[in-house]
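For reference, the structure is listed below as structure tokens.
Below, each value reflects all heavy atoms present in this structure, side chains not excepted, and no hydrogens, waters or symmetry copies. Throughout, a chain's letter reflects where its sequence line sits, starting with A, and its residues are numbered from 1.
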Amino acid sequence: MSALDRQLRPIYEALDSYNNKQAVALCTKALKKGENQTIKALKAVALDRLGKEDEALEICDEIKRTRPTDDAVLQYICMVYKASKKTQDVIDVYTAAYNQAPRNEELANHWFMALVRVDDRKQMQQAAMKIQKQFKDNSRYLFWTIMTIWLQRVRQAKNGPEGTKGMLATLTERMLIKAAEDGRIKDYEALQLYIEVLETHGKTTDALAVINGEMGNLCKVQADRKHIVARLCKANKSWGPLRAVSKELLLASPDDWLSYCNYIEALIQILRETTDADSRSNIIEQARSLFSVLESKASSGKRTKRGPLLAGLELEKALQTNKLQEADLPKLSGLVMEYLEKFGSNLSCFDDVRPYLSLVPANDFDGLFQELQKIDAKGLTIASVRRLVTIEKIRRWSDTKLTADEANARAEHYIAAYKATVPLGADFDERELQPGDDYILLLAHTLLDRHAQKRGVFFAVVYQSRGDFACSSDTAAEDRSMLADVAAVLEYGLARSKFNYQIKLLLIRVYVELGKKLFLDIVLSIDAMRIDICAGVHKRMFDVAKTMDIKQIQHDTLSYLFTDDIELLGCPETSLRALVTSLTIYGSNERETPEMIVQAFKFGTYSKIPEFIRFRDRLKNSLQYNVSQRQLYRVEILRRFPALDNLGYYLEILDENILSFSDDYISKLSDNRDLTLLANWTSSGKPIGEVVSGTAFPRKRDAWLKLHALIPLILRGMCTEGAPLPADDLTDLKRAINEAQEQNEDSEQLTAADILLEVAGAVVAARTHADTSASPGKWDSKTWTGILDRLKRASFHPFESILLRLFA
Amino acid sequence: MTTLRRFVADDLFKFNNVNLDPLTETYNISFYLQYMAQWPDYFVAAEAPSGSCMGYVMGKAEGAGKLWHGHVTAVTVAPECRRLGLAEELMEILETVSEKIYNGYFVDLFVRVSNKVAIGMYEKFGYSVYRRVLGYYSGADSEDAFDMRKALPRDVRKESIVPLPHPVRPEDLEW
């Protein structure tokens, strides 16, 4: 062991066991004996871990000036730079290192990857070209170069100048053609890149020649290769070949839905081009007989596949909607019935047939609905319950508006039916869905419909009595009690099916709505005793949300289900925690995704590079990110009040980047919220979340995002003495309020913003006068009385009460 | 009526109906993206006609010499899509990838010894218990695992699946 190793070993051990203080001490001691860059760099790592960022960076900068080329030293100082997000320093040290040792392949890789992390595509290209020249034999660097040019083309695809775009495209294509000629396309990923580039340039015939040629053998799974052929045929509008390849794929795999869709699309196009009636019916017959061959093939396996039968429906639907055949309703109806007969007891059956239900004459279901009336509790099996539930869903889909009596009768029927199913699931593992769970949801949906119908009446009363809110308390109580009924039903079902996320999600929405109403009561002082109940509702809502174990990427896609309107519930501490947690995913994206883009380069998985970049950007520009961050600011502002110093300090540190509110910024946000999740079986397709809240759900956020960027910015201006309050912001706020009004945003929220506008206007006027030491002028007691009067009238919103106290 | 295709990063935005199931874990971004970056063919999504996710399988290739094999990291199916034979289709894809693309000797997977349903299912798919791994699952629900294997055509004499007579410890696992 060398003397250096003897010094290093204890340092590594200390660092490995996170004994950072000891590591620093060991480094300091070793450095006294003599200068050593590795030890110095390790000291920086240990200091950084101890939170002594400045000292750590100072050491790194010192090392950086010596232009190190030692791999370990570079890695250690870059760890520190990365932790402090000093990406440019990382690039600088590796650029310098590479320039000194251009034959060091390892360094070259680090240099390139440092550029990948910051996504500087032009520099990536220049680096890749240099490295490629240096290490000519390694095809990987050639593809890095091609990829970096292609990425520049992808970035400019939307709005770049045509000339540059064309130049980059041609360059990529030429380089790939050359690579193909030189035999340098040697794996499936490189082949896919080649095909994708040709395809994007509309050269589908060339792409087909490549995949059908010898190079196509790089795709080792036959079905994958044929799927590429099908994709290209479709892009090329080669309907005959598309039909042929789809048929081959189906014969090999009779459940392949994409191939059915391709086959049917090709068929429709071929029929359109065929004028002779006999040939047309011939072509249609060929399709039908193919599907029936596939059906017998599919039912001979271990499990009958649903594909062929459903594809038969898809075919008839396509023929009808394209008017290529007389409408044959009995045929369609028969196919739907056959499907229900065979697959009715599959949980997904309703979703399978949903696209075809509107083609079936309404009366044709009557026979099925008859079955629902006579439930024989003894004869029930799990399969028969599932089948009944499928039919129930079809009945709900076919329902026109039910009268109050009909709805009541239906509700009772669901309860009885559910109870009859309970014994069947008694022995299930608790993580499994209970067979009758969907009855609970059907019941809840029916009750929510009724609640929604009544709400129209409540609203009318509330609206007329703006000045005298209290008179609506009776109707408000009824409103609440109906929602509480729904919650009770869902809780009842949840007690037996602890992991049913459908029940949980709906329950959460119902509790949020209930919580909002209860909180409104408290603010209105109708019933201050409700505070306890209100707190109970919040607690239960958050408890249910917690059992869902929402994490990672789900924070972006699902948080809205329990954080939308959370700031209006009057439970700042819990809201704050929920919002802060949901925001963690955006930090993870910044940390993790760039590393994965690096990995994709490393493994030569070219198809994944643009894919990962798109993924990173979707999270980075997430709408939900912007919503949650604004909600968080809102809650914090309310929470810190009335300690004005504290509030003022908080307002100072708002992140202005995320508080952008230009149309351009907002229109580019990516809406990643998963809106498909909550079940809904009506033909109108109105999301159940909207039925619960009576407003768009999730909320439309365009105008909201502007409002809630401007409000904190203006509050900041007001709270900071002597700070200029930009008149532009006020104009923008005025505009945002108008916009929100047009979009029917909640009027209470807009009143708050409107009053803020007035107050801020008064503050601007006062400050202007103070500056010019003129007399108060317009800033007189009348203005104040007017504002105060409005505030009092509108005191049902927390923002108002804040402003009221702020300026009383 | 299933479209089987490569799992793509954007699928992470829409796999909730699968991952909200209590038996399916949601991992961090790097976990999924690392698999996609390193073994893009081994991560396959099953898509319904409506475009919703029905389930997915993720796997990898690892080992050396005669232990070069495909490994099933996760296979999961949405509750509403169970009992349709989807898990088997997904497993078949993984086997095809292991055989055609990676040319492995066998496919293996780990399963909790208490998970009788899953063990029975894998047996039906042609897997057999190769050995027991003591304390493979750590944490609150600490448990032994079965290492189950299925030989691929390259293992002509089916040597890879001859059961080990004695259990092993996690640190004895070759990979």
Chain B contact via [X] - side chain, backbone, both or neither, heavy atoms under 4.5 Å:
X        : answer
A:Ser607 : side chain
A:Tyr188 : side chain
A:Arg616 : neither
A:Glu314 : neither
A:Ile609 : neither
A:Tyr501 : side chain
A:Gln192 : side chain
A:Leu258 : both
A:Asn500 : neither
A:Asp256 : both

Between B:Ala78, B:Pro79, B:Pro49, B:Pro40, who has the most heavy-atom pairs with chain A when the cutoff is under 4.5 Å?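 Option with the top pair count is B:Pro49.
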Winner by heavy-atom pair count (cut-off under 4.5 Å) against chain A, out of B:Leu23, B:Leu4, B:Leu84: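 That would be B:Leu84.
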Between [Y] and [X], is the closest basic N to carboxylate O distance under 4.0 Å?
X        : Y        : result
B:Arg154 : B:Glu159 : no
A:Asp549 : A:Lys551 : yes
A:Arg117 : A:Glu590 : no
A:Arg306 : A:Asp255 : no
B:Glu174 : B:Arg131 : yes

Count the heavy-atom pairs under 4.5 Å between each of A:Lys220, A:Met596, A:Glu189 and chain B, then report the option with the highest count.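 Of the options given, most contacts go to A:Met596.
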Evaluate the side-chain proximity of A:Lys504 to A:Leu494: yes if any heavy-atom separation is below 4.5 Å, no if none is.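 A side-chain contact under 4.5 Å exists here.
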A:Gln434/A:Ser497 under side chain to side chain donor-acceptor pair (under 3.5 Å): CA gap, chis, key distance, verdict: CA-CA 6 Å; A:Gln434 288 283 310; A:Ser497 191; 5.8 Å; no
Please evaluate residues B:Tyr130 and B:Phe146 with respect to the criterion ring-ring contact (aromatic ring centres under 6.0 Å, His included), reporting the C-alpha separation (whole Å), side-chain torsions for both, the decisive distance (0.1 Å), and the verdict. CA-CA 7 Å; B:Tyr130 167 68; B:Phe146 281 136; over 10 Å; no
